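Contents: one structure, followed by commentary.
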Amino acid sequence: MSHYLLDQVRNAVGRLDPVHAGGRVCGVAGGTVQIGALPSHVQIGDRVRILARPINLSGEIVRLDLGSAHVLADGAVDGVSIGDRVIIDPPVAFAPDDSWIGRVIDPDGNPLDARSLLPGPLPRSLRSAPPAPHHRRGLGVRLETDLAVFNTLLPIVQGQRIGLFAGSGVGKSTLLGDLVRGNSADVIVIGLVGERGRELRHFVDDVLGSEGMAKSVIVAATSDRAPQVRRRCAWAAMTLAEHFRDAGKQVLLIIDSVTRFCEAHREVAVAAGEPANLRGYPVSTGAAIAGLCERAGPGAGDMGDITAVFSVLVAGSDMDEPVADMLRGVLDGHVVMDREIAERGRFPAIDVLRSVSRALPAAATPQENSMIAQARSHLAVYEKSALMIQAGLYAPGSDKSIDAAIACYPALDSFLTIKDGRGTLAHFAKLRQAMAGNGGEMKTTFGDVGKRA
Ligand SMILES: Nc1ncnc2c1ncn2[C@@H]1O[C@H](COP(=O)(O)OP(=O)(O)OP(=O)(O)O)[C@@H](O)[C@H]1O
Ligand SMILES: [Mg+2]
């Protein structure tokens, strides 16, 4: 027998529970079932099965009191009665394998694409710690994408963690798909947390397509799954990313969306008795966000890096809502998408002026940095005077900076839509062209774009 098969057998035997320890249902409230007479070794996070009629119901222990445990059920608790027997299930072993690339799985490592899936040789904890801060590398080199805006004004570098902030339907998922298709990472792990069921299919078939799927693994828990399963989805995606990172790969991790992860955490925490606090989010939400995001980022030693993009749903474009606010504090950059820009049909609808990449200035040459500053300045001047210009109240020649901004704005705006995979240097050349209305000044200032100082 090969070592691989032997490992598999050893793991399977290790997970066997020869005696089914258990207890009895002693209360049901909402979706939470209280279990009494459980053995003392049960822990938070343990899986249990309630042997109710007509069906068995699984759940997760979310709270422990002296003598009883509270279980958040995976489904409706209809039919559960006082006295029903409860057994403790063996822990789910999430054992990632390289062969999972190209597949769609659930947070427990089960296939969702109707094909068999082999587990890897070693189970991994879904809640592992990030590499020690003092051993971690700094941010790495610039990643190529297909999108001109990310190759120039908002660079993404290896090991960076960015947030994609937008209201509903502004184009987050489409932009994430574009980032996946044009990305130079070795492996892409995508966690789809709390999406609608039809969106999973749409994401796999239309947004990613066979080209995107060829180096991707999708971990999905749709909105109908129990909150503990949706929350585990983000952890499972991160664990999978860590598996590939530990093998020395450059990993792009995408979580769509971290807001749904936080909502799932809120449901679990409130069911466990934690009081809701800031706009309904319990205090532990901050720790849940930081605990997730910190695991992404640069690796240590021989490890690769996890570059992460977390999408954030900001209701009513309110960037100060609690999840958005907490996330901005822990990430290395944020990209803000704007509904007004989407409504006028400019995609990706990124509001460059409100977006920041903390990889700058280190990720670009001095010449590139001055070009970025110049482009931002034109956009800012135009935005500030837009009402005046559009109302016909601006007299050309009154202000040199406004004249320059008006001259290059249409070209700059359409530059932001470029998606052609021609690479960073070609995109900087296009940015220079877009700004070329500025009296030929660009030619001398930025003639040597791409040569690192
Ligand atoms: N690059 C694009 N080109 C053209 N249309 C686009 C583009 N991106 C988004 N759209 C339009 O916006 C719609 C919503 O896009 P998408 O599903 O990506 O948004 P979302 O922010 O992920 O939405 P949700 O909040 O519902 O998840 C699309 O159906 C499409 O009509
Ligand atoms: Mg979406």
Side-chain angles (χ1 to χ4, degrees), residues 104 112 145-154 156 162-183 188-209 211-213 216 218-225 230 233-234 237 252-264 266 308-319 321-324 327-328 331 334-352 354-355 412-422 427 430:
V104 185
L112 289 177
T145 74
D146 277 355
L147 296 137
V149 61
F150 287 113
N151 286 349
T152 55
L153 302 175
L154 296 168
I156 303 177
I162 62 167
L164 195 61
F165 296 76
S168 62
V170 180
K172 291 181 298 301
S173 302
T174 312
L175 180 56
L176 291 174
D178 288 339
L179 277 174
V180 166
R181 275 194 304 272
N183 203 281
I188 296 160
V189 178
I190 302 161
L192 295 181
V193 185
E195 293 279 306
R196 287 149 283 193
R198 65 165 178 77
E199 273 180 323
L200 170 61
R201 191 67 199 260
H202 168 69
F203 200 82
V204 173
D205 293 346
D206 307 328
V207 178
L208 288 181
E211 184 198 343
M213 275 308 285
S216 307
I218 296 184
V219 189
T222 45
S223 55
D224 56 316
R225 302 295 304 272
R230 281 181 271 133
C233 181
L252 174 68
L253 170 72
I254 284 175
I255 304 282
D256 188 16
S257 72
V258 77
T259 307
R260 304 262 183 249
F261 163 78
C262 292
E263 287 170 354
R266 175 172 63 186
V309 184
F310 299 98
S311 84
V312 188
L313 186 68
V314 283
S317 300
D318 175 11
M319 289 289 288
E321 62 96 34
V323 173
L327 261 166
R328 260 179 312 167
L331 298 178
H334 53 272
V335 174
V336 180
M337 300 181 78
D338 185 83
R339 190 176 298 284
E340 275 182 25
I341 299 178
E343 280 168 358
R344 68 176 164 86
R346 200 263 272 151
F347 289 105
I350 295 174
D351 183 341
V352 171
R354 291 169 70 208
S355 305
L412 264 184
D413 198 50
S414 76
F415 168 80
L416 298 175
T417 66
I418 293 176
K419 186 178 81 179
D420 60 11
R422 291 184 54 210
H427 286 151
K430 290 224 163 180

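For ligands, and for the atoms within them, numbers begin at 1 and follow the listed sequence. All of these numbers come straight from a predicted model, not from anything done at the bench.
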Below 4.5 Å, heavy atoms only, C-beta onward: do Ile156 and Leu252 meet side chain to side chain?
-> no
Going by the 4.0 angstrom heavy-atom rule, the piece of Glu343 near ligand 1 is neither
Should you measure from each heavy atom of Arg196, which atoms of ligand 1 turn up under 4.0 Å away?
-> 24 (P), 26 (O), 27 (O)
Ligand 1-proximal atoms of Glu195, by part, heavy-atom distance under 4.0 Å | neither
Distance to 0.1 Å, residue and atom name: give those for the protein heavy atom nearest to atom 4 (C) of ligand 1.
-> Phe347 CD1, 3.4 Å
Heteroatoms of the protein, restricted to N/O/S, which lie under 2.8 Å from the Mg ion (ligand 2) | Ser173 OG
Using atom types as modelled and distance alone, determine if a side-chain donor or acceptor of Arg230 lies under 3.5 Å from a backbone N or O of Arg225.
-> yes
For Ser173, counting its heavy atoms only, list the atoms of ligand 1 lying under 4.0 Å from any of them.
-> 18 (O), 20 (P), 22 (O)
Nearest protein heavy atom to atom 31 (O) of ligand 1: under 4.0 Å?
-> no
Is the backbone N or O of Val312 less than 3.5 Å from a side-chain atom of Thr259, with the two atoms forming a donor-acceptor pair by type?
-> no
Does Thr174 reach ligand 1 with a nitrogen or oxygen that is under 3.5 Å from one of the ligand's nitrogen or oxygen atoms?
-> yes
Scan the protein's non-hydrogen atoms and note whether one is under 4.0 Å from atom 28 (C) of ligand 1.
-> no
Report the residue from Asp338, Asp413, Thr417 that forms a side-chain hydrogen bond (donor to acceptor under 3.5 Å, both in side chains) with Arg346.
-> Asp413
Compare all side-chain heavy atoms of Leu179 with those of Leu147 and state whether any distance is below 4.5 angstrom.
-> yes
Selected option - heavy-atom contact closest to atom 12 (O) of ligand 1, from Gly169, Ser168, Gly177 = Gly169
Looking at atom 22 (O) of ligand 1, is any protein heavy atom nearer than 4.0 Å to it?
-> yes
Where does Val170 meet ligand 1, judged by heavy-atom distances below 4.0 Å: at the side chain, the backbone, both, or neither?
-> backbone
Nearest heavy atom to atom 19 (O) of ligand 1, choosing from Ala166, Ser311, Gly171, Gly194, belongs to Gly171
Nearest non-hydrogen protein atom to atom 20 (P) of ligand 1, with distance, is Lys172 N, 3.5 Å
Is it true that a side-chain atom of Asn151 and a backbone atom of Thr145 form a donor plus acceptor pair closer than 3.5 Å?
-> yes
For ligand 1, is Lys419 a contact, meaning one of its heavy atoms is under 4.0 Å away?
-> no
